[in-house]
Structures are given as structure tokens and as C-alpha cells.
Protein chains: 2
Amino acid sequence: MSFPNPRHDHGRCVSGALKTAENKSRALGLRFTKTRRKVLEILWQSHSPLGAYDILDRLQEDGRRPAPMVVYRALDFLMEAGLAHRLSSRNAFIGCSAPDDHHEAQFLICDQCGSAAEVEARPIAKAVEETAASAGFRVQHRVVEITGICPNCQN
Amino acid sequence: MSFPNPRHDHGRCVSGALKTAENKSRALGLRFTKTRRKVLEILWQSHSPLGAYDILDRLQEDGRRPAPMVVYRALDFLMEAGLAHRLSSRNAFIGCSAPDDHHEAQFLICDQCGSAAEVEARPIAKAVEETAASAGFRVQHRVVEITGICPNCQN
DNA sequence: CACCAAAGTGTTATGATATAACAAAACATA
DNA sequence: TATGTTTTGTTATATCATAACACTTTGGTG
Ligand SMILES: [Zn+2]
Ligand SMILES: [Zn+2]
Ligand SMILES: [Zn+2]
Ligand SMILES: [Zn+2]
């Protein structure tokens, strides 16, 4: 919901996210395969967005690095399933922190530590709706990515 | 300010934009060189964002296509000068329609005809500010890009 | 004018991000 | 097990962007 304290128990973030993903996939009849799980786990290893090729680097287990397609396909799955998001302004990806409702998120991205927070910002969504409406525009997707300095980096 | 009527006098958009750019450059002591002018003119040839390589294609005059650097450098200049914007969600560029005040714009982008409108959306900016403030986040840049169907394409 | 420093351009090379296409394997289910 | 569907592996290629360096233009200074 916002920037996590640097000393939080991050292991629980990861295990919680994986557990939720598993449940959601089962509920929707989707196949949460080994690669997909591994990619989501890598995404959750930090609260910073990761580039596809960074994920690739961390994906090699037995010294053999898979082809880019592998990771892009897994990311496509995760995004379709509402388990991850893409940050256009960074060409990077991050695990969704509210996968229960299928949504389009807004992000705050720290230029200093690189971490990103997915925010529930009803007022932003509302303002966007109204602006669009007054231009006679029918909204399909929203990209809202704010960069700056996070609370943890302001000291 | 919003989506132009398809039958508007687009020649005036182009000549106005070039004239304004010239004035602004002179006022700021910047050099509005031939390449920079040409790139801005190409950007303004439509109200749709253009990829850097599309611009390159249109830049070849005597059959010789310049190297990508040429166009990226011109775009960097135009963006620094507040004469053009980059649309992250499309990897594309568009002429700024309000170059007088130096701002960060929000965009409505039509998925059907590809045209984009720069909107002055104070409420969006305000909502972003407030959301960030309540998360203790200090805002530096905003990316707000909304896709959907423009009024001209809704029939 | 002759000089110089700063800004801009041309060019080659390379880095970074993303997708196309097709064969092989795994899976679901009947 | 037979069958069609989904997922994976792999090779190749498309698309977007920057590094580095030599050369040219520009605008000021003596
Ligand atoms: Zn965490
Ligand atoms: Zn930070
Ligand atoms: Zn116009
Ligand atoms: Zn349209």
C-alpha cells in the first residue's frame, strides 16, 4: 500500500505473494508452472522493478541461461493473471501487491533506492475519469508512474 | 487542449508550432538548428506520436538516411527545450502543444486512430500530489498516459 | 581578421529491449 | 492410450537507444 519499512520481514512478502498466486491461479484454472513461479519469486526478491534481462540473469540455475522468450512469456502470463505489472517508464516489471482484485495500478518509484510502491489512489483514478470524460474520451488503460524520493530515502 | 477536429486547418498547427519554437529558442538563447527544426516539423505533421525510427525515415531528403543518433539528439534538444514530449508507454514522441509554460503533461492516446491529445489536467496533478504526500513521497516527475477511444473515433 | 572554446553534427559501432516462428514436450481428459 | 491443447525450447530477428570520437560550425575575444 506504500513504501515498506526497510527492516520489515521481507520473507513473508515473498512467501505470501507466492501462496496468493498459487491460490489465484487454481481458482481461475490457470497453470502456475515452475518457470512462472520462479519468475514471480525473482520479482518479489525485492520491492524494486526488474528488467526482463535482469530476471533472465537470475533465472539461470545450472549455468545455462534461457532465451529471452522464456522470461517474456512468463511475464505475459503473470500480467494477464494480474500477478505482476509492467512499468512503462522503466521498461521493468514488478510483482503486484494487491492481486486479489484485478486492477490497474498507480506507482510511486524512488529514483534513489529504486524501490516502487503500488498505490491505491482512488482520487487519481477519479480525476483521470473526469478529465477524459470532459474531453469526450473513453478510457481503456491508465499508465500513472510517479518518480521522486521515497520516505526511506529522505534522510 | 483536446482532440482536434479531423477537418481543422492543420497547416496552421504546424506553422504556429514552428514559429513558437523559433521564438522560444531565441528567447532562451538556444540554437534552433536545421535538423532540430526539421524533426519538430515532422513531429507536427500529425497529431499522432511518432517513433524515433519513423522520424528517421521521414528525415531522409536526398535518399540518404541519417544515423539514429541524429534524431535522438534532436529529440533530446526538443524535450529539454520543452518543445516535445516522450510517451513512455509507446516509445514515441510528439510535439508539445503548450510550449509556453514549461510543464509535465498528461496524455490521452487513441488506440484506434493513434492520435494523442495533451491535456491540462489540474485535478490529476493535484490528486497525484496528494497521494504522494500521504505516502511521504517527494514527487519529481509524473508519467500519465491514458489510452482509449477518442471522440472522433466513437462513431 | 585570426584565434579559440563551446556547441553541434556525422559516422561507426554496440547495447538494451522485445517479438516471430516452429518443433518438441508436458498436460488434461476422455 | 489416443487426442487436442497448452507450454516450453530454440534460433533468429526486429525495435529502441546510447557510446565514442573525429570533424564542422558558431559566436565571441584580442
Ligand atoms: Zn517486502
Ligand atoms: Zn528510496
Ligand atoms: Zn493540427
Ligand atoms: Zn481516434
Side-chain angles (χ1 to χ4, degrees), chain A residues 21-22 25-40 42-43 48-81 83-94 114 143 145, chain B residues 21-22 25-43 48-81 83-94 109 114 143 145:
Chain A
E22 209 162 308
S25 296
R26 187 166 24 243
L28 296 177
L30 301 173
R31 288 159 64 182
F32 192 51
T33 64
K34 197 173 161 183
T35 307
R36 291 165 176 178
R37 180 190 179 86
K38 185 66 187 161
V39 169
L40 186 60
I42 289 169
L43 281 181
S48 301
L50 276 183
Y53 284 74
D54 296 327
I55 298 170
L56 258 186
D57 290 339
R58 302 179 194 197
L59 203 52
Q60 50 191 319
E61 310 230 283
D62 44 3
R64 176 135 183 72
R65 175 177 141 144
M69 269 314 299
V70 168
V71 103
Y72 280 106
R73 277 197 289 230
L75 288 167
D76 284 345
F77 169 86
L78 294 171
M79 289 189 293
E80 294 239 319
L83 296 168
H85 296 283
R86 179 180 150 79
L87 300 190
S88 301
S89 63
R90 302 253 161 159
N91 295 328
F93 303 85
I94 191 168
V143 172
E145 300 172 15
Chain B
E22 208 161 308
S25 298
R26 188 168 22 244
L28 296 176
L30 302 173
R31 288 158 64 184
F32 192 52
T33 63
K34 197 174 162 183
T35 308
R36 292 165 175 178
R37 180 190 180 85
K38 186 67 188 161
V39 168
L40 186 60
E41 185 179 352
I42 289 169
L43 281 182
S48 301
L50 276 183
Y53 284 72
D54 295 327
I55 297 171
L56 260 186
D57 289 338
R58 302 180 193 197
L59 202 52
Q60 50 192 316
E61 309 229 284
D62 42 4
R64 175 136 184 72
R65 176 178 138 143
M69 269 315 299
V70 169
V71 104
Y72 280 106
R73 277 198 290 231
L75 289 168
D76 284 346
F77 168 86
L78 294 172
M79 289 189 293
E80 295 239 320
L83 296 168
H85 296 284
R86 176 169 201 274
L87 301 189
S88 301
S89 63
R90 303 253 161 157
N91 296 328
F93 303 85
I94 192 167
I109 309 165
V143 172
E145 300 172 13

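Convention: sequence-line order gives letters A, B, ...; per-chain numbering from 1.
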(request) Identify the heavy atoms of A:Ala92 and A:Gly51 that sit nearest to each other, and give their distance. (result) CB-N, 4.1 Å
How close or far is atom [atom2] of [N] from atom [atom1] of [X], stated in whole angstroms?
| X | N | atom1 | atom2 | value |
| --- | --- | --- | --- | --- |
| B:Leu56 | D:dT18 | CG | C1' | 14 Å |
| A:Arg26 | C:dC27 | CZ | P | 16 Å |
| B:Leu28 | C:dA7 | CG | C1' | 16 Å |
| B:Ile55 | D:dT15 | CD1 | C1' | 14 Å |
| B:Leu78 | C:dG8 | CG | C1' | 14 Å |
| B:Leu75 | C:dG8 | CG | P | 15 Å |
| B:Asp57 | D:dT15 | CG | C1' | 12 Å |
| B:Asp76 | C:dT9 | CG | C1' | 14 Å |

(request) Quick one: pull up CG in A:Leu56 and CG in A:Leu50 and give me the separation to the nearest 0.5 Å. (result) 11.0 Å
(message) Within this structure, what is the CZ-CG distance for the pair B:Phe32 and B:Leu83, rounded to the nearest 0.5 Å?
(response) 6.5 Å
(message) Is the phosphate of D:dT10 approached by A:Arg65 (side-chain N or O, under 4.0 Å from OP1 or OP2)?
(response)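 Checking D:dT10 against A:Arg65, no side-chain N or O comes under 4.0 Å of OP1 or OP2.
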(message) Counting only side-chain nitrogens and oxygens, does A:Asn91 get under 4.0 Å of the OP1 or OP2 atom of C:dA18?
(response)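 True: A:Asn91 side-chain N/O within range (under 4.0 Å) of C:dA18 OP1/OP2.
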(request) For B:Ala67 and for A:Asp54, locate the closest nucleotide of DNA chain C by heavy-atom distance; then report the residue assigned to the nucleotide nearer the 5' terminus. (result) B:Ala67
Taking the side chain as every heavy atom from C-beta outward, state whether [X] and [Y] have any atom pair closer than 4.5 Å.
| X | Y | answer |
| --- | --- | --- |
| B:Asp57 | B:Arg65 | yes |
| B:Pro66 | B:Thr35 | no |
| A:Phe93 | A:Met79 | yes |

(request) Report yes or no: does A:Glu145 contribute a side-chain atom to a donor-acceptor pair with the main-chain N or O of A:Ser88 at less than 3.5 Å? (result)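 Checked: pair present.
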(message) For a quick check, tell me whether the side chain of B:Tyr53 and the base of D:dA14 share a donor-acceptor pair closer than 3.5 Å.
(response) no
Distances for protein N/O vs nucleotides 4-9 of chain D N/O pairs under 3.5 angstrom?
residue : atom : partner : partner atom : Å
D:dT7   : OP1  : A:Arg36 : NH1          : 3.3
D:dT7   : O5'  : A:Arg36 : NH2          : 3.4
D:dT8   : OP1  : A:Thr33 : OG1          : 2.8
D:dG9   : N7   : A:Arg73 : NH2          : 2.6
D:dG9   : O6   : A:Arg73 : NH1          : 3.0

(request) Determine the contact category for B:Arg90: base if any of its heavy atoms lies under 4.0 Å from a base atom, sugar-phosphate if only primed atoms, P, OP1 or OP2 are that close, otherwise nothing. (result) nothing
